[in-house]
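A quick write-up on the structure given underneath.
Residue numbers count from 1 along this sequence. Counting starts at 1 for both ligands and their atoms, following the listed order.
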Amino acid sequence: MQAGPSLEGAGSGGAGCRQTGICSVGVRDHAPADTGGYGDRLLHPLDAGDCSLHTPVPTGCPFWRGQPACGRSPVAELCLSLTCPFPSVPQKWPTLQALAQASLEEVNELWAGLGYYSRGKRLQEAARKVVSELAGRMPRRAEELQKLLPGVGRYTAGAIASISYGQPTGVVDGNVIRVLCRLRCIGADSSSPAVIDRLWDMANVLVDRSRPGDFNQALMELGATVCVPKSPLCGECPVKQHCQAWRRVEKELAFASQKVFGKAPPVPDVEDCGVGDCPLCPPATEPWDSSLGVTNFPRKAAKKPPRAMRTATCVLERRGCHGAPEYLIVQRPSSGLLAGLWEFPSVPLAQDLQEEKEREELADHLQAWMGQPVAAKGLQFVAEVIHIFSHIHQTYVVYSLHLDGDVTLDPALSPSRWVTEDEFHASAVSTAMKKVLKAHEKQRRKESSPVKVSSAPGCLGPQCCGTASGVLC
Ligand code: SF4
């Protein structure tokens, strides 16, 4: 273990922030590490194999958790690097060569419904780069991994280099951010450059030189299972003696109990630098809140609300050769949101369009694409389907259209194909499109039960205006 600054030795406390950026209290509280004992405390439970920190892989965890680093295939390492959410990739393509030769379509099919589709694409791009430009040899140092492999950032590079190749380099992911901010009372916005830089410094100093991979996994597991966002299990925490946030809570509790027993209350030794410009302390406007305890840390800047988007989409249906319905799906462009995935023909809409106008836009889009007239009134409204992407609040305005004859699609436009329901689900389609099909099937079931005739004057029901309620008549 590398020696680091002592917890008690650095800084004198108290005097407020220096204009150099790190306050005198902060020098002590936010110091990169008191390294003595961290590694042992984190690694001991791993070795003993009896701690909740290292239980076998729970559902939903990255598959590599709990697996020994040695002997993992390069594909598994790439999966690790891109937070591949399941073990199917290395099972299907055990070698980099096999993964590099797979089509994006195949990779997307394996990813379908799991979200983070761009990771599948990046995974394959990285495999191709290793095979075609790096003679099949995975880079082993974090710096090279980050520089040479598309989609590999600082965290993923550090994770591969330390876990798979034993480089003594730290990792900082969401769990590590939480743990380190609590250990060192870092209360400034945890996404700010000053905090991120300090966390990386800490991670690089703390990492156990002889077992970096185990240490990094243990630190991430600590955040995932003990130092959790709400109600952390401080009583069971192997590093609580090193934790500034925990100490602060303990001191406050001791102070409160002395007060109850009428003893002369000592001045509590709890400090916020907060004065001046410390880039790591909580802002003076949001000081420590005793009711939150250690969950005062970390703090995040208010999240931007997701962008609202509206898209008209049409379930185009025909009877297949055995009478079963078939649906037309088209492929999205190879870059951007949901790149390369398949969807029902869709067109983005402006936010403030009237329903009639939305319907016309979709009809025009279909018409240009099919090369034959499509009456807006012939589109049957199905439902509005909401899907939340990480940064987009997407509303699909779903219509359906039954085609009697075959249609000739313009081959100059997106690739397209007719699929049965089973084929649809086996295709590289997003969860949002599965929801759209579900809404369509629900509507069809509703229609096959007795239809309540609309009371709208002159409306003949769904065949007339396209809605069961007659709202468009
Ligand atoms: Fe997290 Fe509590 Fe452990 Fe501190 S003592 S690291 S707050 S679980």
Original post:
Is Cys237 close enough to atom 3 (Fe) of ligand 1 to have an N, O or S atom under 2.8 Å?
Top reply: yes
Original post:
So is Arg248 actually on top of Trp288's ring, under 6.0 Å and inside 45° of the axis?
Top reply: yes
Original post:
If you measure from CE on Met433 to OG1 on Thr431, what distance do you get to the nearest 0.5 Å?
Top reply: 10.5 Å
Subject >> Whether Arg122 side chain and Pro150 backbone form a donor-acceptor pair below 3.5 Å >> reply: no
**OP:** Go through ligand 1 atom by atom and flag the ones less than 4.0 Å from a non-hydrogen atom of Trp246.
**Re:** 5 (S)
Original post:
Is Glu143 paired with Lys147 through a side-chain N to carboxylate O contact shorter than 4.0 Å?
Top reply: no
Original post:
For ligand 1, which atoms have a heavy atom of Val294 less than 4.0 angstrom away?
Top reply: 7 (S)
**OP:** Run the numbers for me: atoms of ligand 1, each under 4.0 Å from some heavy atom of Cys243, listed by number.
**Re:** 4 (Fe), 5 (S), 6 (S), 7 (S)
Original post:
Using a heavy-atom cut-off of under 4.0 Å, does the side chain or the backbone of Lys240 touch ligand 1, or both, or neither?
Top reply: both
Subject >> Candidate pair Phe389 and His391, rule ring pair (Phe, Tyr, Trp, His ring centres under 6.0 Å), full reasoning >> reply: CA-CA 5 Å; Phe389 296 99; His391 55 301; 7.4 Å; no
**OP:** Identify, by atom number and element, the atoms of ligand 1 in contact range of Arg182, meaning under 4.0 Å from any of its heavy atoms.
**Re:** 7 (S)
**OP:** Specify whether an N/O/S atom of Cys227 falls short of 2.8 Å from atom 1 (Fe) of ligand 1.
**Re:** yes
**OP:** Considering only NZ, NE, NH1 and NH2 on the basic side and carboxylate oxygens on the acidic side, decide whether Arg310 and Glu358 come within less than 4.0 Å.
**Re:** yes
Original post:
Side chain or backbone of Cys234 under 4.0 Å from ligand 1, or both, or neither, by non-hydrogen atoms?
Top reply: both
